Engineer: 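The following block contains the structure, expressed as structure tokens.
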Amino acid sequence: MKQSLEIKSKNIDIAISQALGQLRVNREDIDVEVVKEPVKGFLGLIGNKDGIFKITVKEKVEVPDSKEQPLIEKEIAIVDKKEESKDTLKESDVVRDFVLNIVNNLNMEAQVDVNQEKNVVKVNITGKDAAILIGRRGETLDSIQFLAGLALNKVKKDSHFKVLIDIENYRSKREESLIRYANKVAREVAKTRKTKKLDYMNPYERRIIHSTLQNDKFVKTHSEGVDPYRRLVIEYKK
């Protein structure tokens with residue numbers, strides 16, 4: 001029986017990227033069907049609607065079950081080619097090969113730079129097509145970072161390294177944007193004394209706003225809800 005899944009996304013490239021991570025196969029091993037075309041709203045901002053893409057694994061591909069060696073591990077075949085033990089591989093090599101596999105399968109023009117600092121592997125992806133992998137509010141970027149961490153843990157089971165992936169300095173730009181937004185909302189709350197509930201954010205983004213406003217004289221912050229529907233609340237200090 002063919003393995004398939006449907007993914008909602010704003011474009012086909014992001015859908016394919018997410019599918020490759022979930023199905024653990026290569027780009028040439030899948031068929032892609034557009035079930036519903038995405039809709040671009042006015043000026044690309046208002047009325048946007050995600051499309052629906054059906055990703056099916058071709059019959060010739062055997063998707064490994066939980067008892068077999070994960071395909072992610074097989075794809076990092078550089079280990080076998082060099083006849084090296086996994087213990088001799090650097091964490092940065094494992095992460096680099098995983099990210100490059102995604103980039104190559106999507107036929108993207110992008111450069112992958114990897115640095116290993118203490119217990120952190122930092123990856124920066126740049127190039128003409130790199131922005132495709134960011135996704136809405138960095139959702140696709142976060143997914144790739146999460147999957148890269150899983151790949152590292154599968155190959156280097158005793159590793160305690162953390163993986164941080166950035167694309168075209170998106171994270172630093174996003175942080176600057178969130179700091180400006182936090183201060184703007186704080187001024188509004190201080191003036192009106194009305195509590196403001198922000199949109200749903202991931203833990204990383206919530207921490208930025210908490211940190212920005214933790215010493216504010218007029219407002220305080222807290223989070224409510226459960227991920228992924230957890231949001232930050234800014235209220236006036238009484």
Side-chain angles (χ1 to χ4, degrees), residues 8-11 13-15 17-18 38-50 99 102-103 108-115 117 120-149 162-237:
K8 294 181 66 176
S9 176
K10 65 180 181 181
N11 67 55
D13 292 320
I14 293 177
S17 176
Q18 293 176 344
V39 176
K40 290 186 178 180
F42 178 67
L43 297 179
L45 298 173
I46 303 174
N48 288 343
K49 293 184 179 180
D50 289 343
V99 175
I102 293 177
V103 170
M108 294 176 56
E109 293 184 18
Q111 180 179 343
V112 179
D113 297 313
V114 182
N115 294 307
E117 302 176 5
V120 180
V121 177
K122 296 183 178 180
V123 181
N124 189 36
I125 306 174
T126 58
K128 177 181 177 182
D129 302 325
I132 294 174
L133 298 177
I134 296 176
R136 181 176 179 272
R137 292 185 178 176
E139 291 176 354
T140 304
L141 173 57
D142 289 339
S143 297
I144 294 173
Q145 179 172 285
F146 175 73
L147 291 171
K162 183 178 181 180
V163 178
L164 294 177
I165 300 180
D166 198 1
I167 297 176
E168 295 284 356
N169 296 318
Y170 166 80
R171 294 199 186 280
S172 60
K173 294 175 183 177
R174 177 64 173 162
E175 181 174 346
E176 293 173 359
S177 175
L178 285 171
I179 291 173
R180 290 195 299 270
Y181 178 60
N183 288 322
K184 177 182 177 181
V185 175
R187 291 194 298 270
E188 178 184 336
V189 171
K191 181 179 179 179
T192 64
R193 300 191 179 187
K194 293 183 179 180
T195 298
K196 181 78 171 182
K197 294 185 178 182
L198 307 185
D199 292 336
Y200 302 125
M201 295 181 181
N202 60 39
Y204 165 74
E205 294 180 330
R206 294 198 303 271
R207 282 197 298 271
I208 290 174
I209 293 183
H210 278 305
S211 177
T212 300
L213 301 179
Q214 64 180 350
N215 297 319
D216 193 278
K217 296 180 180 180
F218 303 104
V219 303
K220 58 183 179 179
T221 64
H222 69 272
S223 296
E224 64 178 24
V226 178
D227 286 327
Y229 304 110
R230 190 166 174 78
R231 70 201 318 163
L232 193 140
V233 179
I234 302 177
E235 58 183 12
Y236 182 72
K237 284 183 179 178

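Side chains are part of it too, since the values below use all heavy atoms of this structure and drop only hydrogens, waters and symmetry mates. From a predicted model like this one, the values you see are computed outputs, not experimental measurements.
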Engineer: Whether the side chain of S211 engages the backbone of R207 through a donor-acceptor N/O pair (distance < 3.5 Å, no angle test) should be reported.
Structural biologist: no

Engineer: Looking at R171 and D142, is there a salt bridge between them, counting it only when a charged N and a carboxylate O are closer than 4.0 Å?
Structural biologist: yes

Engineer: Which atom pair, heavy atoms only, marks the closest approach of A190 to V219?
Structural biologist: N-CG1, 4.1 Å

Engineer: Could you tell me whether the side chain of S223 reaches within less than 4.5 Å of the side chain of M201, counting heavy atoms only?
Structural biologist: no

Engineer: Under a 4.5 Å cut-off applied to non-hydrogen side-chain atoms, are M108 and L133 in contact?
Structural biologist: yes

Engineer: V189 and Y236: which non-hydrogen atoms are nearest, and at how many Å?
Structural biologist: CG1-N, 3.6 Å

Engineer: Treating E168 as the side-chain partner and G127 as the backbone partner, does any N or O pair qualify as donor plus acceptor under 3.5 Å?
Structural biologist: yes

Engineer: Determine the minimum heavy-atom distance between K217 and K237, stating which atoms define it.
Structural biologist: O-CD, 3.6 Å

Engineer: Within this structure, what is the CZ-CG distance for the pair R206 and L232, rounded to the nearest 0.5 Å?
Structural biologist: 7.5 Å

Engineer: Can you tell me if OH on Y204 sees more than 12 non-hydrogen neighbours from other groups inside 6.0 Å?
Structural biologist: yes

Engineer: What heavy-atom pair brings I165 and A148 nearest, and what distance separates the two atoms?
Structural biologist: CD1-CB, 3.9 Å

Engineer: Run the side-chain contact (heavy atoms from CB on, under 4.5 Å) test against E235 and tell me which residues pass, sequence neighbours left out.
Structural biologist: T195, K220, H222

Engineer: Return the NZ to CD distance between K184 and E188, rounded to the nearest 0.5 Å.
Structural biologist: 8.0 Å

Engineer: To the nearest 0.5 Å, how far apart are CZ in R174 and CD1 in I179?
Structural biologist: 11.5 Å

Engineer: Calculate, to the nearest 0.5 Å, the distance between atoms CG and CD belonging to D199 and E205 respectively.
Structural biologist: 10.0 Å

Engineer: Look only at the side chain of Y170 and the backbone of G138, and say whether a donor-acceptor pair between them is shorter than 3.5 Å.
Structural biologist: yes

Engineer: Grab the two heavy atoms, one from L164 and one from Q145, that are nearest each other, plus how far apart they are.
Structural biologist: CA-OE1, 3.4 Å

Engineer: Please check if the side chain of D129 supplies one atom and the backbone of E109 the other of a donor-acceptor pair under 3.5 Å.
Structural biologist: yes

Engineer: Going by heavy atoms in the side chains, are L213 and N183 under 4.5 Å from each other?
Structural biologist: yes

Engineer: So if I apply the side-chain contact (heavy atoms from CB on, under 4.5 Å) rule between Q111 and each of I125, T126, N124, V103, which one comes out positive?
Structural biologist: T126

Engineer: Working to the nearest 0.5 Å, report the span between CG of L178 and NZ of K173.
Structural biologist: 14.5 Å

Engineer: Restricting to non-hydrogen atoms, name the atom on A182 and the atom on T212 that form the minimum distance, rounded to 0.1 Å.
Structural biologist: CB-CG2, 4.2 Å

Engineer: Do V233 and K197 come close enough that some side-chain heavy atom pair is under 4.5 Å?
Structural biologist: yes

Engineer: Heavy-atom count around R193 CZ within 6.0 Å, excluding the residue itself: above 12?
Structural biologist: no

